[in-house]
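Working notes for the structure below.
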There are 2 protein chains.
Amino acid sequence: MIRLSRLSDYGIVILTRLAREPGRAMAASTLARATAVSTAMTGKILKLLARADILVSQRGVRGGYALARPPEAITVAEIIEALDGPIALTSCADPGTHDCGIEALCPARDGWRRINRAIRDALAGITLAEMAQAVPGDLVPTFATPPRAAAPEPAAAASIGAR
Amino acid sequence: MIRLSRLSDYGIVILTRLAREPGRAMAASTLARATAVSTAMTGKILKLLARADILVSQRGVRGGYALARPPEAITVAEIIEALDGPIALTSCADPGTHDCGIEALCPARDGWRRINRAIRDALAGITLAEMAQAVPGDLVPTFATPPRAAAPEPAAAASIGAR
DNA sequence: GGAAATAGAACCGGTTCGGTTCTCTTTCAA
DNA sequence: TTGAAAGAGAACCGAACCGGTTCTATTTCC
Ligand code: FES
Ligand code: FES
């Protein structure tokens, strides 16, 4: 079904949240609460993203994660690749791995490659900034950002990820 | 990894073979031999494609499958949808099913939808005909098609799909 | 030194997927 | 008329992958 893994799904959500205040760093637990993704998952995802240089991390007490770059400079393709590995629709399309088995006489070979490329381009053409900004005309009318004061996250009712 | 299922993979290969002689019908077993996909798999795939009106089938002895339309009128998106179900990257992007769980407060919602659409468009923009034709400058210089005479398929050495 | 945070890896059950097999129906031709 | 050659359709099975958890080690600040 050409399904995208949950990892990437949640990943984007978390990053989107982070992109609302690009400079600011947030702890994993805070982000988990803010996005309703289980803390364990959030941690896992953040670690992956940090390793891919999409986030920068600060360890120790008062630590946390922040975007490594402005959201306009982070593409969806990047994020997915960081979390789910290389984007390769078919096993054979990506040169390097040869596990398709038909390769030798396959007539569709370069066709696949073209498709792959089309999709990667589509994904690379969308930035985190675009994902984060609500479509013009959205329901939520650009919240009057509560003045600095702690502003506890909505603490989403149900936590995702608990079986 | 945004992996496409093998079903679709093989499906395209088989259809590609069929597209080389758009008018002609071929039996499943013949196609299996021609494409090096296991006969069982080939059968399964062909049935699915026939049910989706991409192929027309003729039962009984001397039966077989043929393209229901000229290859220019069959898109890759169609094929994938026939074999792997609807193309929906994320569970939430497709209106109707609600199993993402975050939907309520998810900021990335419409972003997903845009991405989904981009990919579907990319897939819908490539036709079977385009897949079938070797890229200009391909290795194989448009085989001089052997004159009608039985022309046994190359009978690919190794059969795919046998564990 | 200890609490709060990230880093990293191992682990585990469930679901899905690739693939096979079986039975039933249709068609043609000897 | 009958049987072989095809497709239709469903059930079935093992294995890989995935979502999710948990545990330990390391870093940092107070
Ligand atoms: S090489 Fe894998 S489908 Fe063609
Ligand atoms: S609604 Fe599912 S990720 Fe946003």
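Here is the naming used below: chain letters follow the sequence lines, and residue numbers restart at 1 for every chain.
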Practice task
Could you please spell out the steps behind the side-chain contact (heavy atoms from CB on, under 4.5 Å) verdict for Ile14(B) and Tyr65(B)?
Solution key: CA-CA 11 Å; Ile14(B) 294 175; Tyr65(B) 294 90; over 6 Å; no

Practice task
Provide, to the nearest angstrom, the distance between the CG atom belonging to Asp84(A) and the C1' atom belonging to dC18(D).
Solution key: 10 Å

Exercise for the section: Take atom CD1 of Ile45(B) and atom C1' of dG18(C), then tell me their distance rounded to the nearest Å. Expected result: 10 Å

Problem - From CA spacing to verdict: side-chain contact (heavy atoms from CB on, under 4.5 Å), Leu55(B), Leu67(B) - result: CA-CA 5 Å; Leu55(B) 295 179; Leu67(B) 296 182; 3.6 Å; yes

Practice task
Rounded off to whole Å, could you give me the OH-to-C1' distance for the Tyr10(A) and dG20(D) pair?
Solution key: 10 Å

Handout entry: Residues which pass side chain to side chain donor-acceptor pair (under 3.5 Å) with Arg117(A), listed by chain and number, not counting sequence neighbours
Key = none

Handout entry: Side chain of Ser38(B) (C-beta onward), nearest among dT20(C), dG19(C), dC29(D)
Key = dT20(C)

Exercise for the section: Mind calculating the distance between CG (Leu4(A)) and P (dT16(C)) to the nearest angstrom? Expected result: 16 Å

Handout entry: Interatomic distance, Ile45(B) atom CD1 to Thr35(B) atom OG1 [nearest 0.5 angstrom]
Key = 8.0 Å

Handout entry: Nearest to side-chain heavy atoms of Ser57(A), which nucleotide of dG7(D), dT6(C), dC28(C)
Key = dT6(C)

Handout entry: 5'-most by nearest nucleotide on DNA chain D - Arg62(B) or Gly60(A)
Key = Arg62(B)

Exercise for the section: Compare the minimum distances between each of dG7(D), dT27(C), dT6(C) and the side chain of Ala28(B), then state the nucleotide with the smallest one. Expected result: dG7(D)

Problem - d(CD1, Ile80(B); C1', dC17(C)) in whole Å - result: 16 Å

Fill in the blank from the handout: Of Arg59(A) and Lys44(A), the one whose nearest nucleotide on DNA chain C sits closer to the 5' end is Arg59(A)

Exercise for the section: Take atom CG of Leu48(A) and atom C1' of dT6(C), then tell me their distance rounded to the nearest Å. Expected result: 14 Å

Practice task
Check the distance between dA6(D)'s P and Leu46(B)'s CG and give it to me in whole angstrom.
Solution key: 13 Å

Exercise for the section: In whole angstrom, give the distance that lies between atom CZ of Arg3(A) and atom C1' of dC17(D). Expected result: 15 Å

Problem - From dA8(D), dT28(D), dG18(C), nucleotide with atom closest to Gln58(A) side chain - result: dT28(D)

Exercise for the section: Could you name each residue pair satisfying salt bridge (Lys or Arg N to Asp or Glu O under 4.0 Å) that touches residues 58-73 of chain A, not counting sequence neighbours? Expected result: Arg69(A)-Glu78(A)

Problem - Ala40(A) vs Gly64(B), nearer the 5' end of DNA chain D by closest nucleotide - result: Gly64(B)

Fill in the blank from the handout: Among the nucleotides dT28(D), dG19(D), dG18(C), whichever has the atom closest to the side chain of Ser5(A) is dG19(D)

Problem - Nucleotide nearest Arg51(B) when distance is taken to its side chain, options dA7(C), dT27(C), dG9(D) - result: dG9(D)

Problem - Heavy-atom donor-acceptor pair, Lys47(B) side-chain to dG7(D) base, under 3.5 Å - result: no

